[in-house]
> 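Right, I'll just put the structure down here and ask away after.
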Number of protein chains: 2
Amino acid sequence: MTDPSDVFAAIADGTRRQIFETLAISGPATATGLAGDLNITRQAVAKHLAILAAAGMANSERIGRETRFEAEPTSLKAVETWIAQVDRDWQHRLAALASSLDDLA
Amino acid sequence: MTDPSDVFAAIADGTRRQIFETLAISGPATATGLAGDLNITRQAVAKHLAILAAAGMANSERIGRETRFEAEPTSLKAVETWIAQVDRDWQHRLAALASSLDDLA
DNA sequence: TTCATGCGCAACCAAACAGTTGCGCATGGC
DNA sequence: GCCATGCGCAACTGTTTGGTTGCGCATGAA
């Protein structure tokens, strides 16, 4: 299982989000291909892809001498879950506050 | 308007998420108070709160010699929106792929 | 007025990070 | 077999970042 915290760290970087978006929109791609669009080295992209993969946000498959990376959108569930939980906590606190104000009336 | 990218950076740090959760659950608090729970300096907490505030995730209010910080949960909308967009892109690509496969049949 | 509390600002430090260059290895086309 | 392509690994660099300590200022209580 991948640490949810890794997902948060992974999406923190703009370049990484961009790579992830590109994979979602255009489908599987290689580090070399992606490096063409963005204006950075293949190595830099490869590092980002490794981080995305470690966070469970991308899957790699070696085909001949190429390594194709594909996005794994379900990995963002962890972030959605966290946001939903915070929202629940917030609402819960407001409700408790309101009811305690009612008690005073 | 706050840069959405700031929100991504803000939630990337575990301590920051923890502070944000605490504010959502327990309501407004000061840097000194929060520093007690977490095991770091008031200064460190103050920096985190400044980052959260800059990202639009927290609002501060000075009361006497205290500065109370409150969570702003709506600020997470930007993240939710991004995730939803990526999901749409992903589904759209899959649909296009399926239809192009149909054309071959 | 005096004193303790709480805060903000600045300097500093070690670790993490995004990015680069350089090299060697494997795979596919000629 | 030979060469180009694509990749992974390693070392290095500048910048960002989470954290600390120290100081001075303002506010509330005695």
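Residue numbering restarts at 1 for every chain, and letters A, B, ... go by the order of the sequence lines.
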> Pull out every residue in residues 61-71 of chain B that has a heavy atom closer than 4.0 Å to any atom of DNA chain D, ordered by number, or say none.
Gly64(B), Arg65(B)

> Holding to salt bridge (charged side-chain N to carboxylate O under 4.0 Å, His left out), I want the full list of residues that pass it with Arg93(B), two or more places apart in sequence or in another chain.
none

> Checking Arg16(B) side chain against Ala9(B) main chain: does a donor-acceptor pair fall under 3.5 Å?
yes

> Find the distance Lys47(A):NZ to dT13(D):P and express it as a whole number of Å.
14 Å

> Quick one: on DNA chain C, does Gln43(A) or Ala46(B) contact a more 5' nucleotide (nearest heavy atom)?
Ala46(B)

> Do Phe8(A) and Ile51(B) sit in one hydrophobic cluster, given that two such residues count as connected whenever their side-chain heavy atoms are within less than 4.5 Å of each other, even indirectly?
no

> Quick one: is dG19(C) close enough that its OP1 or OP2 comes under 4.0 Å of any side-chain N or O from His48(A)?
yes

> Going by side-chain hydrogen bond (donor to acceptor under 3.5 Å, both in side chains), name the residues that satisfy it together with Thr74(A), two or more places apart in sequence or in a different chain.
Glu72(A)

> Nearest-Å distance, CD1 (Ile51(A)) to C1' (dG19(C))?
11 Å

> Which heavy atom of Leu52(B) sits nearest to which heavy atom of Ala10(B), and what is that distance?
CD2-CB, 4.2 Å

> Sequence neighbours left out, what passes side-chain contact (heavy atoms from CB on, under 4.5 Å) with Thr15(A)? Give chain and number order.
Asp13(A), Ile19(A), Leu38(A), Ile40(A), His48(A)

> Of all residues at least two apart in sequence or in a different chain, which pass the side-chain hydrogen bond (donor to acceptor under 3.5 Å, both in side chains) check with Trp90(A)?
none

> Taking CZ from Arg42(B) and C1' from dA10(C), how many angstroms apart are they, rounded to a whole number?
13 Å

> Just so I know, are the side chains of Ser5(A) and Arg17(B) near enough to count as touching, which here means a heavy-atom distance under 4.5 Å?
yes

> Under a 4.0 Å heavy-atom cut-off, which of residues 12-25 of chain A touch DNA chain C?
Asp13(A), Thr15(A), Arg16(A)

